[in-house]
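Single-structure report; data block below.
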There are 2 protein chains.
Amino acid sequence: MDLTGLEPVERRSTAAIVADRLREAIMRGTFPPGTQLGEVELATRLGVSRGPLREAMQWLVAEGLLRSVRNRGLFVRDLDAADVRDVYAARAAVERAAGLLLIAGDRAAAVVRLSASLAAMEAAAGDPVALADADHAFHHELVAASGSPRLQRMADTLLVETRMCLAALQDNPPPAEDLLAEHRALLDAVRTGDVARLTTVLEAHMADAVDRILAPAGESAVSA
Amino acid sequence: MDLTGLEPVERRSTAAIVADRLREAIMRGTFPPGTQLGEVELATRLGVSRGPLREAMQWLVAEGLLRSVRNRGLFVRDLDAADVRDVYAARAAVERAAGLLLIAGDRAAAVVRLSASLAAMEAAAGDPVALADADHAFHHELVAASGSPRLQRMADTLLVETRMCLAALQDNPPPAEDLLAEHRALLDAVRTGDVARLTTVLEAHMADAVDRILAPAGESAVSA
DNA sequence: GCTCGTATGATTGTCAACAATCCGCGGCGC
DNA sequence: GCGCCGCGGATTGTTGACAATCATACGAGC
């Protein structure tokens with residue numbers, strides 16, 4: 001018999017739920033970088049007490065999304081140019097490793113799932129936000145297909161930071177066609193199992209993204 | 001004037017201190033995998049209240065060192081064979097990336113620091129625990145020299161998990177000479193700036209470590 | 001006019017008590 | 001004998017209030 005989707009009854013702790021909610025908000029740019037997150041206000045607005053909220057905060061601090069200043073409060077980390085480069089460098093490392101594992105493993109299944117993600121991207125090409133979501137999902141799938149829980153966790157954290165970078169330039173969205181072309185190349189490299197090409201394409205993809213974000217030279221989030 | 005070491009006055013939050021203490025204990029094998037960490041007992045023994053302790057716990061859960069079961073408690077994660085392989089695969093990815101950045105950056109300074117770490121390892125060759133510490137420090141330095149805060153954080157987390165794996169087989173320590181040879185090769189690859197060789201040596205190093213841990217076939221920590 | 005000291009306000013850090021939930025064991029019915 | 005039900009113990013989850021700390025603004029002194 002098929003018990004798919006039956007087992008995971010585990011009710012998540014409220015702290016985890018709150019953390020997810022906050023992560024989503026930070027990712028989406030609801031809390032711009034540098035914003036102070038007052039505990040009492042957030043607690044009341046989320047309908048939880050300060051205890052679970054603080055646990056959720058610490059969780060996000062551990063992920064590097066929040067910056068904790070003692071007796072001052074918690075602030076949304078703002079990413080400067082160096083951070084943007086760092087995020088994408090780390091992503092390149094993680095996703096390359098995931099790609100290698102993926103190619104060595106069940107490549108066919110991965111191609112199917114990635115194709116679906118790519119199709120979703122193409123369908124969302126018109127809406128910048130939806131496109132960013134689909135882009136996010138594609139890379140999530142890429143790493144998920146590797147079957148490595150640790151790479152997965154790292155990638156998810158980095159993807160959230162990526163969205164934070166992107167939220168800064170949601171006014172002038174990147175050209176959808178370029179983005180799609182790069183992802184098609186990525187999928188193609190996976191399909192053919194060409195490790196060297198995957199590495200090249202991936203690094204080019206990351207480099208392009210960095211350029212797109214840092215292109216408006218100095219404006220937006222470039223502080224130090 | 002020189003203000004080196006003057007600025008960082010920042011007093012860490014108690015939760016962070018507790019987290020460090022617990023991380024150290026878990027790493028050292030004070031709490032064997034699977035151990036339940038009772039909140040009240042730990043809180044009293046650490047001299048803090050349950051509030052900060054819980055925050056520290058959540059921090060460690062976020063790092064993947066603890067497993068939280070709702071209304072049951074927190075347990076030290078025990079790593080099975082798949083986890084061991086995963087840890088080292090992720091480490092290979094992260095440390096390779098760090099090595100690349102390092103070679104592209106200030107290689108000379110890195111070589112100096114890594115040489116010191118290697119010397120420390122050689123000095124500690126007699127004592128298995130000290131050797132493991134020095135090994136840990138070497139890889140920490142390797143990633144630190146890359147200058148990437150995100151790779152750094154990932155690596156540190158993975159290194160703690162590595163120590164958890166190692167704690168299981170502290171009865172039969174690995175041959176020190178092999179370990180030293182592998183690290184000398186690593187340092188040499190960095191010194192010459194040979195990226196391909198660094199990758200090869202690094203992956204061999206990780207593969208060897210996995211073999212050493214999983215060699216006693218099934219005993220120790222291999223559960224599911 | 002500038003600087004130092006002080007008062008104030010807000011925020012976080014910490015604590016102890018309450019409530020909800022879950023496991024294990026004994027008894028009952030079948 | 002076997003399975004189900006309910007109870008006791010323990011643990012976590014959550015809450016609200018208290019205390020410590022820091023930034024800011026104001027006024028006195030030089």
Side-chain angles (χ1 to χ4, degrees), chain A residues 6-23 25-26 30-78 223, chain B residues 6-23 25-26 30-78 223:
Chain A
L6 260 289
E7 289 301 336
V9 208
E10 49 166 309
R11 275 137 59 170
R12 302 160 53 71
S13 73
T14 47
I17 299 173
V18 172
D20 285 344
R21 199 74 68 86
L22 288 177
R23 197 181 296 119
I26 294 171
T30 308
F31 301 120
T35 310
Q36 178 170 11
L37 270 48
E39 291 187 358
V40 282
E41 185 193 337
L42 271 182
T44 53
R45 280 176 57 170
L46 288 170
V48 297
S49 189
R50 279 183 54 208
L53 179 70
R54 281 179 64 85
E55 292 173 23
M57 298 281 223
Q58 292 299 325
W59 191 294
L60 296 181
V61 171
E63 288 180 2
L65 267 56
L66 296 181
R67 193 167 49 89
S68 171
V69 183
R70 196 181 151 96
N71 291 320
R72 285 288 298 287
L74 292 144
F75 302 85
V76 180
R77 274 208 63 189
D78 60 332
S223 58
Chain B
L6 261 289
E7 291 300 334
V9 208
E10 49 167 306
R11 273 137 61 168
R12 301 161 54 70
S13 74
T14 47
I17 299 173
V18 172
D20 285 344
R21 199 75 66 87
L22 288 177
R23 196 180 297 119
I26 293 171
T30 309
F31 301 119
T35 310
Q36 179 169 8
L37 270 50
E39 291 187 358
V40 281
E41 185 192 338
L42 270 182
T44 53
R45 280 177 57 170
L46 288 170
V48 296
S49 188
R50 279 182 54 203
L53 180 69
R54 281 179 65 85
E55 292 173 23
M57 300 281 222
Q58 292 298 326
W59 191 295
L60 297 181
V61 171
E63 289 179 3
L65 267 55
L66 296 181
R67 193 167 49 89
S68 171
V69 184
R70 197 180 151 95
N71 291 322
R72 286 289 298 285
L74 292 145
F75 302 85
V76 180
R77 275 210 62 190
D78 60 332
S223 57

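Hydrogens, waters and symmetry mates play no part in the numbers below; they use all other heavy atoms, side chains included. So you know, we letter chains A, B, ... as the sequences are listed, proteins then strands, and number each from 1.
B/Leu37 comes within contact range of the sugar-phosphate backbone alone, with a heavy-atom separation under 4.0 Å but no base atom that close.
Across all non-hydrogen atoms, the minimal contact from B/Gly73 to B/Gln36 is CA-NE2, 3.9 Å. Scanning both residues, B/Val61 and B/Ser68, for their nearest heavy atoms gives CG2-CB, 4.3 Å. Closest approach of B/Arg70 and A/Thr14 over heavy atoms only: NH1-N, 4.2 Å. Of all heavy-atom pairs between B/Leu66 and B/Arg77, the closest is C-CG, 3.8 Å.
Looking at residues two or more places apart in sequence or on another chain, you find a side-chain contact (heavy atoms from CB on, under 4.5 Å) between B/Pro33 and B/Asp78.
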### Summary
Nucleotide by nucleotide, nucleotides 13-18 of chain D touches protein heavy atoms under 4.0 Å in the pattern (B base, S sugar-phosphate only, - none) BBB-B-
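Rounded to a whole Å, the CG atom of B/Leu53 is 16 Å from the P atom of C/dG13.
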